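Presented below is the structure to which this report refers.
These numbers come from a predicted model, not from an experiment. Counting from 1, the numbers follow the sequence of the chain as shown.
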Amino acid sequence: MPKHNSRITDAEALELHSSGRPGKLEIRATKPLTTQRDLALAYSPGVAVPCLRIAEDPAAAYDYTAKGNLVAVISNGTAVLGLGNLGALGSKPVMEGKAVLFKRFADVDGIDLEVDTENVDEFVNCVRFLGKTFGGINLEDIKAPECFIIEQRLQELLDIPVFHDDQHGTAIIAAAGLINALDLTGKDIKKIKMVVNGAGSAGIACTELVKALGVPHENILLCDTRGVIYQGRQDGMNQWKSAHAVPTDDRSLEDAMKNADVVFGLSIKGALTADMVKSMAPNPIIFAMANPDPEITPEDVATVRDDAIVATGRSDYPNQVNNVLGFPYIFRGALDVRASSINMSMKVAAAMALAELAREDVPDEVGKAYAGRQMRYGRDYIIPAPFDPRLITVIPCAVAKAAMDSGVSRKDIEDFEAYERELSARLDPAATTFMRIAQKVKSHPKRVVFAEGEEESAIRAAVSFYNAGYGMPLLVGREKLIKSTMKNLGINGDFIEIHNATNSEQRERYTDYVYERMQRRGMLYRDCQRMVNQNRNIFAACLLTHGVADAMVTGLTRSFAVSLEDAMQAINCKPGKRAMGMSMMIIDGRAIFVADTSVNEVPTSEQLADIAVQAASHVQSMGYEPRVAFLSFSNFGNPTRDTTTRIRRAVSVLDTMNVSFEYEGEMQANLALDFDLQKRLFPFSRLTGPANILIMPALHSANITTKLIQKAGGGTAVIGPILVGLEKPVQIVPMGATVTDLVTMAALGAYEASTNEMDEPFL
């Protein structure tokens, strides 16, 4: 498979931001607003009551409004990523993205504000007068030195946390890595010689934080484009640089690097050379954090040092310094104690908590995602993985405790165990699951065949699949037509393999294979020949069964039932398993699985029991504790109808199978999902929480339910149906599926292929 850098194209990025509702954010109501009474309570006249309470006691705003979970992401666009001064409006996609990360990782509601001024006084006044709206302010992409002035003045003027993530986020993650790197190399933080190359916002913040951790002032050499910042230097200085000037004879970065124990790079690609690294002390610690390209690559370091610990800002190298490990969770903890600021104690606590987390055993689901990479505390693992599920509890708790201890909290947490449970419930289960899947697929890229390769969406999905680093796409179709479509789309698809039965050297072999399977089912040889030549699903399935591809995606132009029937002309079910579809619904942050949504029309009791066993196995291997509910229109025989007998008997069948997961039924859907109601009405229920696997009584009810929920919107997402039970990975998208749907299902197919190779359960 050709090696390439995982990347996205301009067209893909523009399509994501423009498709459907433009942008990446929307506002949703958190209270029902369906009746006149609802409106009267939420607005006039009911809204007057909390208004008066807040006027009497401003702290009540945290109780009666969204203030306590609301962070403003604010920029003037003067230093957007590595792109420079794009202006306020040019920064908006980044600020929206930051708000999305707040929500995704810590369930913090972020609102982006782009302030159209480069004047510090105007910017500060704008934000200060809006400050009462928010529980915290996240400053972003503001150039130095203005960012220092703006942050300091807002911290003085506002009684809520003001945090410039470009400074402190990077500093906190880097400091955590430094703590562990020093531990592994046996170096004393009070005796190390450290170089920080880059005296902008991140460089200054890193310098301040490592000093707070214990590195002596005189042991750090801060460098900028003019060289070392030494006492007495006049050229290119400001008050923030001057604060870190030290007495030294070193003048250049090359001088400073000699015998240095640690270097933090916060500058530009290529700023560090192999000779500089070679001149460092034994067991050097090198954090090359320039993005997207580091000051020096780990490969270049390895040519001159075999004793170095290296970190970068990139996900394709070990030890990624990624701000998403910090800011969502730091604000989460600060908001939950209504902190008036994020002080140095809270930053140190976050860094220490991150460092300690990296030393603990890595959860299986995280380790599997990085298959092939050492996920155990050591030189290649000094910083936790970005989607470690423990981050949501560990970091906010540490930050909240530090806020309480340092006196900046206005609401203390009395029960931290209960707080941890509350934090865990905020985690988006689907996003976490699919991040793990994506990482594992990148570690084990596969060959996935898109059966309907002439369709424009299939071609675009194949390119996206390849650019994401998931593997090699194969398209089935006429080469001339596919290449013409690519040309019209402006796509360079030279890397894509195109397969067509009419010119395949394996056509006769595939026909023999299908004939051997179908000859006792009424098929003549010429029938099988026609099937292979004319049915792209069958031809693609033959590519799969004969090892040309590892997984298959289809469904754009044919129904699920027809596509499955085609695929099963060449592919069997796994021994003891049945083909079934399982849809994953995300409703208010909860993952709920519905089976069978696509294959078995009216399952018998025994088949329902089998479906439950398969669904529970898959859900458990995704990291969820399966709780199965067999659904009906009745609750435990009330009312009694002939149609419920089959459901009750399925539960009895499971009783004889000695399964290890929780199950109950028959019950109505609202009862299955409302655990409080369930325990109040039916205290004998065997479930210990709300059901997360719903076994439907028939295909029509399952399919109708998921389709209705999918179209209802309102933040609800439906993934699938995920086809399971076949010997080879086949995924079938709904007709009219989007490019994103195709890529997701192709990744699921590739993931199943990799788990099958390792004899692991799929998902």
Using a 3.5 Å distance criterion without hydrogens, assess whether the side chain of Arg332 forms a donor-acceptor pair with backbone atoms of Ala106. yes
[X] versus [Y], closest heavy-atom pair with distance:
X	Y	result
His444	Ser754	CB-CB, 4.0 Å
Leu221	Ala256	CD1-CB, 3.7 Å
Val301	Ala308	CG1-CB, 3.7 Å
Ala353	Ile395	CB-CD1, 3.8 Å

Face-on cation placement of Lys446 at Tyr470 ring, 6.0 Å and 45° thresholds: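 Not satisfied by the 6.0 Å and 45° rule.
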Determine, for Tyr381 and Arg376, whether the Lys NZ or Arg CZ falls below 6.0 Å from the six-membered ring centre while staying within 45 degrees of the axis.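 Pair Arg376/Tyr381 does not count as cation-pi.
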If you define the side chain from C-beta out and look only at heavy atoms, does anything of [X] sit under 4.5 Å from [Y]?
X	Y	value
Glu114	Asn76	no
Met276	Lys258	no
Phe416	Lys401	yes
Ile189	Leu213	yes
Ile137	Val71	no
Val162	Gln152	no
Thr312	Thr297	no
Tyr329	Val394	no

Would Tyr377 and Asp183 count as having a side-chain donor-acceptor pair, cut-off 3.5 Å? yes
Does the side chain of Asp300 come under 3.5 Å of the side chain of Thr303 through a donor N or O and an acceptor N or O?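 Side-chain D/A pair, Asp300 to Thr303: absent.
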Check residues 141-149 and write down every donor-acceptor pair under 3.5 Å in which the side-chain atom is one partner and the other belongs to a residue at least two apart or another chain.
from: Lys143; atom 1: NZ; to: Glu146; atom 2: OE1; distance (Å): 3.1
from: Lys143; atom 1: NZ; to: Glu146; atom 2: OE2; distance (Å): 2.6

Heavy-atom neighbours of [X] [atom1] exceed 12 at 6.0 Å:
X	atom1	result
Asp188	CG	yes
Met352	CE	no
Lys24	NZ	yes

List the atom pairs, with distances to 0.1 Å, where a side-chain N or O of residues 283-294 and a protein N or O form a donor-acceptor pair under 3.5 Å, not counting sequence neighbours.
from: Asn283; atom 1: OD1; to: Arg379; atom 2: NH2; distance (Å): 3.0
from: Asp293; atom 1: OD1; to: Arg314; atom 2: NH1; distance (Å): 3.3

Is a salt bridge present between [X] and [Y], judged by a nitrogen-to-oxygen distance below 4.0 Å?
X	Y	result
Asp261	Lys187	yes
Asp307	Arg305	yes
Lys98	Asp165	yes

Considering residues at least two apart in sequence or located in another chain, which fulfil the ring-ring contact (aromatic ring centres under 6.0 Å, His included) criterion with His164? none
Restricting to ring-ring contact (aromatic ring centres under 6.0 Å, His included), what partner residues turn up for Phe331, sequence neighbours left out? Phe102, Phe163
When rounded to the nearest 0.5 angstrom, what is the spacing between CD in Gln320 and OG in Ser315?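 Between atom CD of Gln320 and atom OG of Ser315 there are 5.0 Å.
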What is the distance from atom CG of Leu178 to atom CE of Met194, rounded to the nearest 0.5 Å? 5.5 Å
Going through the distances and angles, do His17 and Glu96 end up as a side-chain hydrogen bond (donor to acceptor under 3.5 Å, both in side chains)? CA-CA 10 Å; His17 286 80; Glu96 282 189 0; over 6 Å; no
I need the full list of salt bridge (charged side-chain N to carboxylate O under 4.0 Å, His left out) pairs touching residues 219-236, with sequence neighbours left out, sorted by first then second residue.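 Output for this query lists Asp224-Arg233, Asp224-Lys241, Arg226-Asp235.
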For residues 196-207, tabulate all N or O donor-acceptor pairs below 3.5 Å that involve a side-chain atom, not counting sequence neighbours.
from: Asn197; atom 1: ND2; to: Ser267; atom 2: OG; distance (Å): 2.9
from: Thr207; atom 1: OG1; to: Gly203; atom 2: O; distance (Å): 2.8

